[in-house]
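Excluded from the calculations below are hydrogen atoms, water molecules and symmetry mates; all remaining heavy atoms, backbone and side chain alike, are included. Everything numeric in this text was worked out from a predicted model, so none of it was measured. Note on naming: letters A, B, ... go to the chains in the order of the sequence lines (proteins, then strands), and numbering restarts at 1 for each one.
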Number of protein chains: 2
Amino acid sequence: MPESKSKLFNDQGELVVPKAVVGRLSLYLREVQHLIRDGKETTNSTELGKLLGVTDAQVRKDLAYFGQFGHPGVGYRCQELVAAIKSIMGTNTIWNVALVGIGNLGRALLRYKGFHEQGFQIVAAFDVDDNVIGTKVEGVDVFHIRDLASMVTAQSIRLVAISVPSHAAQAVVDQVVEVGIEGILNFAPVTISVPSKVRVIGVDLAMELEQLAFTVVNRDSKS
Amino acid sequence: MPESKSKLFNDQGELVVPKAVVGRLSLYLREVQHLIRDGKETTNSTELGKLLGVTDAQVRKDLAYFGQFGHPGVGYRCQELVAAIKSIMGTNTIWNVALVGIGNLGRALLRYKGFHEQGFQIVAAFDVDDNVIGTKVEGVDVFHIRDLASMVTAQSIRLVAISVPSHAAQAVVDQVVEVGIEGILNFAPVTISVPSKVRVIGVDLAMELEQLAFTVVNRDSKS
DNA sequence: TAGATTGTTAATCGATTAACAATC
DNA sequence: TAGATTGTTAATCGATTAACAATC
């Protein structure tokens, strides 16, 4: 867990980490994991900055938000840094995740190996289609969504990925919120409403292509 | 196309649009399209701001970067606004897209309806596996990647989505760059290198879950 | 030690917000 | 007209960078 560095907290005792820093933290983690795979023992802010396309100062500042795990004159020890970032992000332990919506995308997510490598395990899948309920997809049982509550409790599920059609998204969201889910990864291309205690990250694939089209059309705009 | 508003260009004649604005532009587009579906004729900065969770001032400022398409006392006419944003983003015409990598995710992308709705058409798919080459997936022909160049030319393909295994990503990227592709949507969880003229957007699904885990663990941090 | 590199401060830069005259 | 809402300016806020003393 993040150490109690005084600078991390504001007057109300709330953790204050700029959103942009959190985004880069995942990128640092990914790069350092690759460096380890390539046999590197240590790295430094200059190297990481080059890999990510940010300044060395920014790398140091970002990491220093969470404590001091660099070594002056040496840099950052890769294993140490990975452990520190995972601990900060909460991925030093495994998260059980539920998936709602066994369509094209849902199946692809069930088969996707990348989640497990980063500490996420899809342990139950839900749908409303009788043709898939009761089957297993990639070793994961598919339940009727009415069984959500019991599975969430039984498996200590805190996160849900939602890959249902847009028109069904809000209703599903309401149900997962009802059973106490804390975070939602929403693949439906709609804005969803949740109580403020619940966290949402939206991934809209068409929107990503749109962003790409914009940067291509306006070639010279700031990346 | 964006009008030649003087404020959009810097001393070197380059378009200057803050990255954050571009991201919100897609969100505005999505919301206004939903408002139209709900039968609304006009909207305004306050309404859009509430839908997106930003201030009304920000909505007006963002849109004003690209010209004046609001109507004082009235707001924004939905149809007009959609047309304007599409024109700015370059999605007022259809983009032909190629897909490389027909695995789990690749197949899901081929079947995904959301792309077409926003003006993107996957017109050719590529792989190196003889078992899929020559077949059709969701009506799209699968070719050997060696046929990339000819298809790109024949179909005027400017964008590519890459859903190959991480270890193959950079080699594929080099090939698509070689044939003149202008933008890459990279689903492989690795940083790729491209010449500066080529645009890249990376989508790392595990990283999205990681971000979600962080916000759940650090509940009180700035959203 | 000399060289390398961190963590942190102060200066810079950029993005957001508040306020309001202009407009319909 | 009166009321509503824009586009834009100036003020505020936050994030990035440069520089450097502290450290190994």
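Atom-to-atom, CZ of F69(A) to P of dC24(D) comes out at 16 Å; the value is rounded to the nearest Å. With rounding to whole Å, N44(B) atom CG is found 13 Å from dG3(D) atom C1'. For the pair K61(B) NZ and dG7(D) P, the computed distance is 13 Å after rounding to whole Å. Atoms CZ (F66(B)) and P (dG7(D)) sit 13 Å apart, rounded to a whole Å. Distance, D62(A) CG to dT8(C) P: 13 Å, rounded to whole Å. Distance D56(A) CG to dT8(C) C1': 14 Å, rounded to the nearest Å. Rounded to an integer number of Å, the gap from CG of L81(B) to C1' of dG7(D) is 15 Å. Atom pair E41(B):CD and dT5(D):C1' shows a separation of 18 Å (rounding to whole Å applied).
A side-chain N or O of E31(B) and one of T191(A) form a donor-acceptor pair less than 3.5 Å apart. For the 3.5 Å distance criterion, the side chains of Q118(A) and Q33(A) qualify, holding a donor opposite an acceptor. With 3.5 Å as the limit, one finds no donor-acceptor pair spanning the side chains of D62(B) and Q58(B).
Taking for each of R60(A) and R24(A) the nucleotide of DNA chain D with the nearest heavy atom, the 5'-most of the two is the partner of R24(A). The residue among G73(A) and V21(A) whose nearest nucleotide of DNA chain D lies closer to the 5′ end is V21(A).
When each of dT8(D), dT16(D), dT23(D) is scored by its nearest atom to the side-chain atoms of P72(A), the top-ranked nucleotide is dT23(D). Which of dA15(C), dC24(D), dT17(D) sits closest to the side chain of A57(A) comes down to dT17(D).
The number of heavy atoms from other shown groups lying within 6.0 Å of CD (E80(A)) is above 12. No more than 12 heavy atoms of other residues, nucleotides or ligands shown are found within 6.0 angstrom of CD on E41(A).
A close approach under 4.0 Å does occur between a side-chain nitrogen or oxygen of Q68(A) and OP1 or OP2 of dT8(C). Within the structure, a side-chain polar atom (N or O) of Q58(A) is placed less than 4.0 Å from OP1 or OP2 of dT17(D). Applying the 4.0 Å criterion to OP1 and OP2 of dT6(D), one finds that S45(B) has a side-chain N or O inside that range. Contact annotation: T55(A) side-chain N/O to dT16(D) OP1/OP2 distance is not under 4.0 Å. Contact annotation: Y76(B) side-chain N/O to dG7(D) OP1/OP2 distance is under 4.0 Å.
Judged by Watson-Crick or G-U wobble contacts below 3.5 Å, the nucleotide dC20(C) has dG7(D) as its partner. When both pairing distances are held under 3.5 Å, dG14(C) makes a Watson-Crick or G-U pair with dC13(D).
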